[in-house]
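Worksheet: one structure, shown below.
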Amino acid sequence: MNSQESISDQVSLAILRALAQAVTSGELPSGLVLPSEITLERPKNRDHGDYATSVALSLSKAAGLNPRAIAEVIRTYLMADPVINGSVSAVDIAGPGFLNISLARAGQGSIIASILKEADRYGHGNALAGVSVNLEFISANPTGPLHLGHTRWAAVGDALGRVLTAAGAKVTREFYINDRGNQMELFGASLRAAAMGVPVPEDGYHGEYINELAKSIIGSHPDYLHLSEVESLSAFRDAGYALQLADQQRVLQDFRTNFDIWFSERSLYDNDFFKHCLDRLRSQGHVFEEGGATWLRTTDFGDDKDRVMIKSDGSFAYFASDSAYYISKRERGFDICIYMLGADHHGYVNRLKAIAACAGDDPSYNIDVLIGQLVKILENGEELKLSKRAGTIITLEELVEKVGVDAARYTLIRYPVDTPMVMDVDVLRSRTNENPVYYVQYAHARICAVLRNATDLGIAYGIDEIHPELLEHERERELIGALAEFPRVLAGAAELREPHRVARYAEELAGIYHRFYADCRVLPLGDEKATQLHSARATLCNATARVIANSLALLGVSAPEKM
RNA sequence: GCGCCUGUAGCUCAGUCGGAUAGAGCACUCGCCUUCUAAGCGAGUUGUCGCAGGUUCGAUUCCUGCCAGGCGCGCCA
């Protein structure tokens, strides 16, 4: 990290050094417990500098000193610090004891230089280096098309994978196929009934897609109708499964969401793997028998009731799969298992965490469960109701047909997953500020146009044309400040598992760029002579395009060069 | 009954290791294209941050209680 240490990191380390020096010199009490790190914040008000910290305020009580006095001591050592000497232009004390730090032009220039140098890796970090993450999302039954609820996870899960990767983690995306149990049997029975032209079972699967699937199966396997009932049920089930799974895979690929592993629930029971899991849990002392069933004592770890794994009739409860699946993930070498579940599954959080604890793991580290709220969709001002019965479910594919992959992905990602959201199809089709994906993409396309023109005019730009001393306009300062924020935003998004932060940042950056563009002419006007300022501004544009493109890449959204 | 999530501008929502006058888009009014993409920019108006306490130098943010809405609590999957 040393070579890529950002200005803000350098400053916060310098503040730590200043505090240590102050303690050594006796200006701060010797017993004072110093913070392990200093987090700088970006003041909303530009008069408060580029960075600010309130350490002096928080140390005041323990030190028994006036916060402004502490700030004064820090300021003195900070100004003398050789490392940041050239990049910081001023350290001011404001209000009750805030330290406001302003960057020198040279410091701003180094930000642009590192963006151009690191290119598509700018902003990436190593907070999760060496950590192996299993990211499981969607995990739909292979008994029908992916619908709107799955779509949110497809977009957010994929973006989270990109964000975690950018933070240095080794990420494996996994789709858990619920291919065993009653639902599969009902699916087979529904297909068979449809194929035979008899009523589908009451609790079976309905909808036009069932008829189409049935038709397609008979088309390639007319003999299925003449098998015995038992044989034909499983034949229809397996054929339907294969078709539906292939369909889900195709739709997801078109949605730019790719999985490394498609994990079959059935496979958990192959080769006595489940027995092995049970033995492992038993050896940890959390398995017991009662009423003819085999249980996991999840109440040892905060669950509100114990869970049955093997029912008294000898069949496996769904929880058996959950337990074995978790153990499988850990035995395959994953340090952190992330689960993305719908709000209707939030009751599972405790029991999943309890599985980890029962297996002897640390539930606060090895397992991370994210709960997402539901999505509603609006068209022509009316909510499209989702009903499988009525056959009016909105599929992922239909949504993409309506608004396109970029708009669908972007909109689903830009909200925190724990808030319910409404997608308005009409807005997503619009080309205005209401539609943030265009706002961001437009900024990128606009910059590309400017750079094309710069090249035509023979204006040089790039790492040798930064000229930070010429960038003194307030808009330029703002823009550089925003570019410098990207690594922190990305790190936060990874740590909190919140990719929406990247989208919000991209919107803010795009807005700052548009304002810069309105106020700062980049290229020479008419027959005006080209100067270094033109090159410097074009270079700033170049760096901005880079950061916007990097942000969009993390969301799986395209960064067009022309619109 | 127990548990989880949510409650911020007229609308849709940002804002988490507590910070300096609480933000954006939409909507409404008015400006800005004979020169870099107007899918853009600028100006104006809008708030008991659900309510009540507590911790703190300082709370939209943390804690407790309450109110309102959504969801979940099977030897179903």
Side-chain angles (χ1 to χ4, degrees), chain A residues 37 39 41 43-45 47-48 52-54 57-58 60-61 67 94-98 100 141 178 180-184 186 203 265 290-295 304-305 307-319 321-322 342-350 371-374 378 414-422 424 427 430-439 441-443 445-454 456-457 459 492 495-496 498 500-501 503-504 507-508 510-511 513-528 534 537-538 541 562-563:
Chain A
E37 60 177 353
T39 48
E41 51 185 287
K44 293 162 204 154
N45 187 335
D47 296 339
H48 296 155
T53 176
S54 57
L57 289 164
S58 50
S60 144
K61 194 165 196 177
F98 290 102
N100 294 332
N141 290 326
N178 294 126
R180 66 173 286 284
N182 277 346
Q183 294 307 310
M184 287 301 289
L186 276 171
D203 50 357
E265 182 188 351
E290 189 179 297
T294 302
W295 301 67
D304 49 3
K305 56 190 71 164
R307 305 290 167 182
V308 169
M309 292 193 289
I310 306 177
K311 299 186 241 176
S312 51
D313 67 3
S315 62
F316 297 108
Y318 190 75
F319 188 70
S321 298
D322 285 339
D344 51 342
H345 287 74
H346 71 246
Y348 293 31
V349 177
N350 284 342
I371 296 299
Q373 297 293 324
L374 305 179
L378 233 53
R414 81 184 279 269
Y415 298 95
V417 290
D418 55 11
T419 52
M421 65 167 291
V422 179
D424 189 325
V427 167
S430 73
R431 301 175 150 196
T432 66
N433 275 1
E434 283 183 276
N435 200 351
V437 65
Y438 285 115
Y439 185 77
Q441 289 183 317
Y442 181 68
R446 192 179 225 185
I447 295 172
C448 290
V450 171
L451 294 179
R452 279 192 299 270
N453 295 341
D456 290 346
L457 293 172
I459 309 253
E495 183 189 339
L496 299 166
E498 293 185 345
H500 78 273
R501 288 168 183 275
R504 298 289 173 164
E507 289 165 32
E508 192 188 327
Y513 179 78
H514 286 311
R515 287 189 280 283
F516 156 81
Y517 179 89
D519 289 354
C520 297
R521 174 80 200 185
V522 178
L523 300 176
L525 269 168
D527 53 0
E528 190 186 346
H534 296 122
R537 284 183 172 167
C541 288
K562 290 181 181 175
M563 285 175 79

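Here is the naming used below: chain letters follow the sequence lines, and residue numbers restart at 1 for every chain. The model shown is predicted, which means the values in this text are computed figures rather than measured ones.
- The side chain of Lys311(A) places an N or O atom within less than 4.0 Å of a non-bridging phosphate oxygen (OP1 or OP2) of C76(B).
- Taking the side chain of His500(A) as heavy atoms from C-beta on, and the options C36(B), U35(B), A14(B), the nearest nucleotide is A14(B).
- With hydrogens and angles ignored, a donor-acceptor pair closer than 3.5 Å exists between the side chain of Tyr348(A) and the base of C76(B).
- Among A39(B), A20(B), A77(B), the nucleotide with an atom closest to any side-chain atom of Gln183(A) is A77(B).
- Remark: C49(B) base-pairs with no nucleotide; criterion is Watson-Crick or G-U wobble with both hydrogen-bond distances under 3.5 Å.
- With centres under 5.5 Å and a plane angle under 30° as the test, the ring of Tyr415(A) is not stacked against the base of C13(B).
- Pairing of C75(B), defined by two Watson-Crick or G-U wobble distances under 3.5 Å, is not identified with any nucleotide.
- Of the residues near RNA chain B, Asn435(A) and Leu57(A), the one whose nearest nucleotide (by heavy atom distance) lies more toward the 5' end is Leu57(A).
- Checking G31(B) for Watson-Crick or G-U wobble geometry (two distances, each under 3.5 Å) identifies C41(B) as its partner.
- For A20(B), there is no paired base (Watson-Crick or G-U wobble, both distances below 3.5 Å).
- Donor-acceptor pairing under 3.5 Å is recorded for the side chains of Arg446(A) and His514(A).
- With rounding to the nearest 0.5 angstrom, the CZ atom of Arg180(A) is 10.0 Å from the OH atom of Tyr318(A).
- Taking only distance into account, the side chain of Ser312(A) meets the base of C75(B) through a donor-acceptor pair shorter than 3.5 Å.
- Using a 4.0 Å heavy-atom distance criterion, Arg180(A) is classed as a sugar-phosphate-only contact.
- Between Pro420(A) and Leu374(A), every side-chain heavy-atom pair lies at or beyond the 4.5 Å cut-off.
- Out of C71(B), G15(B), G19(B), the shortest distance to the side chain of His346(A) is found at C71(B).
- Atom CG of Asp344(A) and atom P of C76(B) are 19 Å apart (whole Å).
- Between Leu451(A) atom CG and C36(B) atom C1' the separation is 10 Å, expressed in whole Å.
- In this structure, Tyr439(A) reaches the C41(B) phosphate: one of its side-chain N or O atoms is under 4.0 Å from OP1 or OP2.
- The shortest side-chain heavy-atom distance between Tyr415(A) and His500(A) does not fall under the 4.5 Å cut-off.
- Here, A27(B) and C11(B) have their C1' atoms 8 Å apart, quoted to the whole Å.
- A 4.5 Å side-chain heavy-atom check between Val349(A) and Ile371(A) finds at least one atom pair inside the cut-off.
- Comparing the same atom, P, in A38(B) and in C33(B) gives a spacing of 12 Å after rounding to whole Å.
- Among the nucleotides C13(B), G19(B), C36(B), the one closest to the side chain of Leu523(A) is C36(B).
- For the C1' atoms, the distance linking A9(B) with G44(B) amounts to 15 Å, nearest Å.
- Of the nucleotides present, none pairs with U56(B) by Watson-Crick or G-U wobble criteria with both distances under 3.5 Å.
- The phosphate of G58(B) has neither OP1 nor OP2 within less than 4.0 Å of any side-chain N or O from Lys61(A).
- If you take CG of Asp519(A) and P of C36(B), they are 16 Å apart, rounded to a whole angstrom.
- At the phosphate of G74(B), OP1 or OP2 sits under 4.0 Å from a side-chain N or O atom of Lys305(A).
- The side-chain heavy atoms of Leu523(A) and Leu457(A), taken from C-beta on, include a pair separated by under 4.5 Å.
- Both distances falling under 3.5 Å, in either a Watson-Crick or a G-U wobble arrangement, occur for no nucleotide opposite U61(B).
- Look at the P atom in both G7(B) and G54(B): the space between them is 24 Å, to the nearest Å.
- Summarising the geometry, the separation between CD on Glu507(A) and P on A39(B) is reported as 18 Å, rounded to the nearest angstrom.
- Among the heavy atoms of the strands, none lies under 4.0 Å from Ala443(A).
- Remark: His514(A) is not in phosphate contact with A38(B), judged by side-chain N or O atoms under 4.0 Å from OP1 or OP2.
- A22(B) and G10(B): their P atoms are spaced 16 Å apart (whole Å).
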Step by step, would you call Ile310(A) with Ser315(A) a side-chain contact (heavy atoms from CB on, under 4.5 Å)? CA-CA 6 Å; Ile310(A) 306 177; Ser315(A) 62; over 6 Å; no
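- When the C1' atom is compared between G19(B) and A59(B), the two are found 10 Å apart, to the nearest whole Å.
- Within the nucleic acid shown, Ala343(A) comes within 4.0 Å of sugar-phosphate atoms alone, with no base atom in reach, counting heavy atoms only.
- Comparing the same atom, P, in G3(B) and in U64(B) gives a spacing of 11 Å after rounding to whole Å.
- Among A14(B), G72(B), A77(B), the nucleotide with an atom closest to any side-chain atom of Ala317(A) is A77(B).
- At the phosphate of U16(B), OP1 or OP2 sits under 4.0 Å from a side-chain N or O atom of Arg501(A).
- With distances taken from any side-chain atom of Ala94(A) to the nucleotides C36(B), A20(B), A14(B), the minimum falls on A20(B).
- In this structure, His345(A) has its ring center under 6.0 Å from that of Tyr348(A).
- Close to G42(B), at under 4.0 Å from its OP1 or OP2, lies a side-chain N or O of Arg515(A).
- Of the candidate nucleotides U16(B), A77(B), A20(B), A20(B) has the atom lying nearest to any side-chain atom of His48(A).
- For A68(B), the paired base is U6(B) (Watson-Crick or G-U wobble, both distances below 3.5 Å).
- With hydrogens and angles ignored, a donor-acceptor pair under 3.5 angstrom links the side chain of Asn100(A) to the base of A20(B).
- Straight-line distance between the C1' atoms of G23(B) and U45(B): roughly 16 Å, to the nearest whole Å.
- Of the listed nucleotides (U35(B), C5(B), G19(B)), C5(B) has the atom at the smallest distance from the side chain of Asp418(A).
- An anti orientation is assigned to C13(B), its glycosidic angle lying beyond 90° of 0.
- At least one donor-acceptor pair closer than 3.5 Å links the side chain of Arg504(A) to the backbone N or O of Arg414(A).
- Judged purely by distance below 3.5 Å, without hydrogens or angles, the side chains of Glu265(A) and Ser321(A) pair a donor atom with an acceptor atom.
- A straight line from CD1 of Ile371(A) to C1' of C5(B) spans 9 Å, rounded to a whole angstrom.
- Where Arg504(A) and Phe98(A) meet RNA chain B, the nucleotide closest to each residue was compared, and Arg504(A) sits on the side nearer the 5' end.
- When the side-chain nitrogen and oxygen atoms of Thr419(A) are compared with OP1 and OP2 of G70(B), none of them lie within a distance under 4.0 Å.
- You'll find that the side chain of Val308(A) is closest to C75(B), out of A39(B), C75(B), A14(B).
- The aromatic ring of His345(A) does not sit over the base of G72(B), since the test of centres under 5.5 Å and planes under 30° is not met.
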